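Single-structure report; data block below.
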2 protein chains.
Amino acid sequence: MNMTGHTRRPASIRDVASAAGVSYQTVSRVINDHPRVKPSTRERVLAAIDELGFRRNATALALASGRTRAVTVLTGNTTHYGYASILQGVEEAARAASYAVGIGVLESADETTVAAEVQRAADAGDGLIVIAYDPAGVRALNAVPTGRPGAPALPVVGVVETPATPPGGDRPWVWTDDREAAYEATRHLLSLGHETVHYVAIPSSTRRTSARTSGWRRALREAGAPEPRPLQGSWGPAGGHTAGRRLAKDPSVTAILCGNDDLALGVLRALHENGRAVPDEVSVAGFDDAPHAAYLTPSLTTVRLDFTGLGRAAFALLHRVLEQSAPIAPHPVSAPQLVVRESSGPPPATT
Amino acid sequence: MNMTGHTRRPASIRDVASAAGVSYQTVSRVINDHPRVKPSTRERVLAAIDELGFRRNATALALASGRTRAVTVLTGNTTHYGYASILQGVEEAARAASYAVGIGVLESADETTVAAEVQRAADAGDGLIVIAYDPAGVRALNAVPTGRPGAPALPVVGVVETPATPPGGDRPWVWTDDREAAYEATRHLLSLGHETVHYVAIPSSTRRTSARTSGWRRALREAGAPEPRPLQGSWGPAGGHTAGRRLAKDPSVTAILCGNDDLALGVLRALHENGRAVPDEVSVAGFDDAPHAAYLTPSLTTVRLDFTGLGRAAFALLHRVLEQSAPIAPHPVSAPQLVVRESSGPPPATT
DNA sequence: GCCAAGAGCGTGACCGGTCACACTTGGATC
DNA sequence: GATCCAAGTGTGACCGGTCACGCTCTTGGC
């Protein structure tokens with residue numbers, strides 16, 4: 001549609017203005033839907049916009065308005081199912097609100113590296129969403145400039161494990177109730193008749209025990225069951241495999257809860273290698289309900305967590321901080337849901 | 001360190017300038033490492049920068065320089081292992097080059113929706129990386145404004161399936177040689193003695209046959225093996241399960257190649273449900289070497305693809321387009337590698 | 001002692017939008 | 001016919017950097 005055919009730079013509002021025979025301010029009014037513009041003028045301006053293929057320059061808008069309409073997600077990893085789903089949820093909600101989403105990966109939990117990443121994120125967008133399930137994420141969350149007099153605070157939302165005590169209003173956090181989820185899963189296994197349930201933990205985000213661990217422990221305590229030491233796993237199947245090998249050799253172990261489905265996969269494998277049948281000899285339950293959980297052999301009993309809902313909620317919360325007009329909590333996070341499949345069953349008959 | 005304690009806005013170069021008793025231009029020279037600044041002056045400016053906690057405003061820099069130092073990754077999904085790994089690779093390389101990474105999810109393959117997403121991405125950064133393994137991605141790649149006279153071209157790199165013919169220089173694409181990979185995997189299965197190999201395909205990105213399909217077909221042809229129709233799967237295990245159920249019922253099927261590891265998982269499950277032993281009765285091979293492949297029971301023979309390397313290469317290519325000074329192809333993508341595990345073996349002895 | 005060169009630094013305009021304000025109309029009111 | 005108001009439009013400054021240029025002051029060669 002361009003008649004001159006020689007335009008190099010994209011059209012600005014001043015180009016549109018001269019094409020339509022008005023001032024740049026009138027063009028600004030048109031693209032911002034200000035009411036005080038004569039309909040006929042608006043028509044001419046819109047025609048010029050169309051003809052020149054004008055698009056509002058996001059950078060200039062950001063400079064003038066002081067807001068970039070972009071948020072950054074800081075995460076330790078993009079490939080883990082839970083992390084990736086949260087990211088997807090954030091992006092979905094952000095897109096609906098016309099926000100751009102940036103991403104930063106915390107490759108190391110090293111203090112200065114993390115601080116540098118946070119700084120980079122800070123001047124890339126208006127706000128930050130930090131996935132703080134692991135040490136790197138927690139460190140990042142703590143490194144975010146809080147509202148000290150000199151430097152203005154950077155709006156931030158943390159996606160965290162269930163906190164031990166409800167955080168104050170100055171701690172905008174979102175979480176799924178994974179303590180309750182662990183409790184439910186453990187109770188499920190106990191109700192099948194197992195004497196106790198062993199636990200293979202995901203790496204704790206802090207030194208304190210994680211929410212999942214404490215939910216598991218509470219269920220054991222309530223049932224008066226023995227409390228074995230939780231085994232420390234990593235995030236991936238390899239960690240589960242290592243832990244599983246140890247557990248497989250202990251004949252008293254009949255039920256294992258795993259911090260996530262990948263760990264459970266490794267545990268299943270280790271049990272298989274050691275000739276222990278699931279669920280006939282040992283029951284296994286996971287966490288997350290990753291897409292492959294239903295298709296494993298045996299299919300995995302697990303607790304489904306609403307990660308994308310969590311991501312949407314994180315964005316909604318941040319959005320509300322960034323714009324007072326944003327709706328309040330429009331994206332509820334659905335509660336964890338126990339999904340019973342083949343990998344859990346009653347313990348073997350005691351001989 | 002802020003003495004006034006009342007600063008609202010972050011410090012600008014003019015604030016630094018007056019604090020150091022120089023002009024804003026001198027401050028600009030210091031932060032850009034221009035040589036013509038007296039060392040003593042530089043000291044004073046640096047001290048002021050430190051004291052005020054000055055950080056260069058990325059938005060203003062972008063407006064003045066015309067370049068945002070940001071790239072956007074457009075993808076159909078963030079949770080699939082391959083996609084997520086590519087994203088991680090892009091982010092890694094971008095971070096090393098001090099570029100920000102934005103992400104856009106193509107929720108639908110609908111023409112206008114995709115075009116809108118591309119537009120959004122276009123004015124969010126300097127360039128685009130499109131993961132074009134699926135119809136939405138391919139459509140996005142085609143919707144990117146090419147260098148027509150009116151609108152300037154938007155630099156874009158496509159992460160694509162192995163193209164049938166090497167693309168011209170105006171098509172900056174990266175890929176792993178998945179045709180060759182499929183060929184190798186098929187040959188592996190044939191070499192074990194299978195009469196032929198069935199194929200469960202990932203959704204084709206175009207109407208034409210995918211590279212993986214054609215590599216598989218070539219291997220069959222070379223061996224003079226019968227060429228069964230490929231089965232159309234989806235991306236996830238569910239599609240593999242559906243396809244697997246059909247294949248399980250055909251006693252002549254002894255070897256199955258799957259377009260990715262998730263499909264293979266579904267196939268394994270379907271075979272198990274139908275009482276067909278792997279690998280004793282049927283051999284299965286996957287694609288990607290996702291983290292769980294090694295821990296399945298049986299562990300999965302697959303072809304490892306260097307997705308993060310691919311992501312790094314995509315960024316490197318885009319970087320070279322954006323900055324002539326960027327190094328040439330510093331991130332080689334390693335070749336696909338066959339990983340033989342338990343799920344493949346010789347066919348059952350013919351009775 | 002004069003002039004050219006270059007080191008060191010400052011001023012003005014600009015990138016493409018926005019905001020605050022002032023200006024010109026036309027119609028209604030008195 | 002003068003006054004007021006509101007609709008409709010335009011001008012200037014600004015956001016926080018950059019670039020292009022110009023100015024001043026040494027320094028060195030002749």
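None of these values were measured; they are calculated from a predicted model. Just so we're on the same page: letters track the sequence lines, and every chain starts at 1.
Ranked by how close their nearest DNA chain C nucleotide is to the 5' end, A:H34 and B:R44 are led by B:R44. Judged by closest nucleotide on DNA chain D, A:V37 is the one of A:V37 and B:I13 placed further toward the 5' end. In this structure, A:T59 and B:V22 both approach DNA chain C, and ranking their closest nucleotides by distance from the 5' end singles out B:V22.
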### Query
Do A:N57 and B:D123 pass the side-chain contact (heavy atoms from CB on, under 4.5 Å) test, and can you show the C-alpha distance, the side-chain angles, and the key distance before you say yes or no?
CA-CA 7 Å; A:N57 182 316; B:D123 41 44; over 6 Å; no
### Task
Under the side-chain contact (heavy atoms from CB on, under 4.5 Å) rule, what do A:I13 and A:F54 come out as? Steps first, then yes or no, please.
CA-CA 8 Å; A:I13 56 168; A:F54 167 80; 3.5 Å; yes
Would you tabulate the nitrogen or oxygen pairs shorter than 3.5 Å linking the protein to nucleotides 24-27 of chain C?
none

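Side-chain contact between B:V71 and B:L322 is present, with heavy atoms from C-beta onward closer than 4.5 Å. With contacts defined as side-chain heavy-atom distances shorter than 4.5 Å, the pair A:E117/A:R120 qualifies. In this structure, the side chains of A:V118 and A:L128 come closer than 4.5 Å at one or more pairs of heavy atoms.
When heavy atoms are screened at a 4.0 angstrom cut-off, A:L61 is found touching the sugar-phosphate backbone but no base atom. As judged by a 4.0 angstrom heavy-atom cut-off over every strand, A:R55 is placed among residues touching the sugar-phosphate backbone only. Contact annotation for A:R29: base contact, defined as any heavy-atom pair under 4.0 Å involving a base atom. A:T41 comes within 4.0 angstrom of sugar-phosphate atoms only, judged by non-hydrogen atoms across all strands, and of no base. Nucleic acid contact for B:S65: none, since no nucleic acid atom lies under 4.0 Å from a heavy atom of the residue.
One end of the helix from C:dG1-D:dC30 to C:dC30-D:dG1 points its axis 60° away from the other end's axis, with each axis taken from 5 pairs and the angle rounded to 10°.
Across all non-hydrogen atoms, the minimal contact from B:Y83 to B:D134 is OH-OD2, 2.6 Å. Nearest heavy atoms, B:T75 versus B:N77: OG1-O, 2.8 Å. Between B:V105 and A:Q88, the closest heavy-atom pair is CG1-NE2, 4.3 Å.
For DNA chain D, the span of nucleotides reached by chain A at under 4.0 Å from its heavy atoms goes, 5' to 3', from D:dA7 to D:dG16.
In this structure, the OH atom of B:Y24 is 7 Å from the P atom of C:dT11, given to the nearest Å. The CZ-P distance, from A:R67 to C:dC19, rounds to 11 Å in whole Å. As a whole-Å value, the separation of A:I31 CD1 from C:dC19 P is 11 Å.
To the nearest 0.5 Å, atom CG of residue A:L74 and atom CD1 of residue A:I131 are 9.0 Å apart.
Under a 3.5 Å cut-off, the side chain of A:D126 and the backbone N or O of A:R69 do form a donor-acceptor pair. Using a distance-only test at 3.5 Å, with no hydrogens or angles considered, no donor-acceptor pair links the side chain of B:T41 to the main chain of B:V37.
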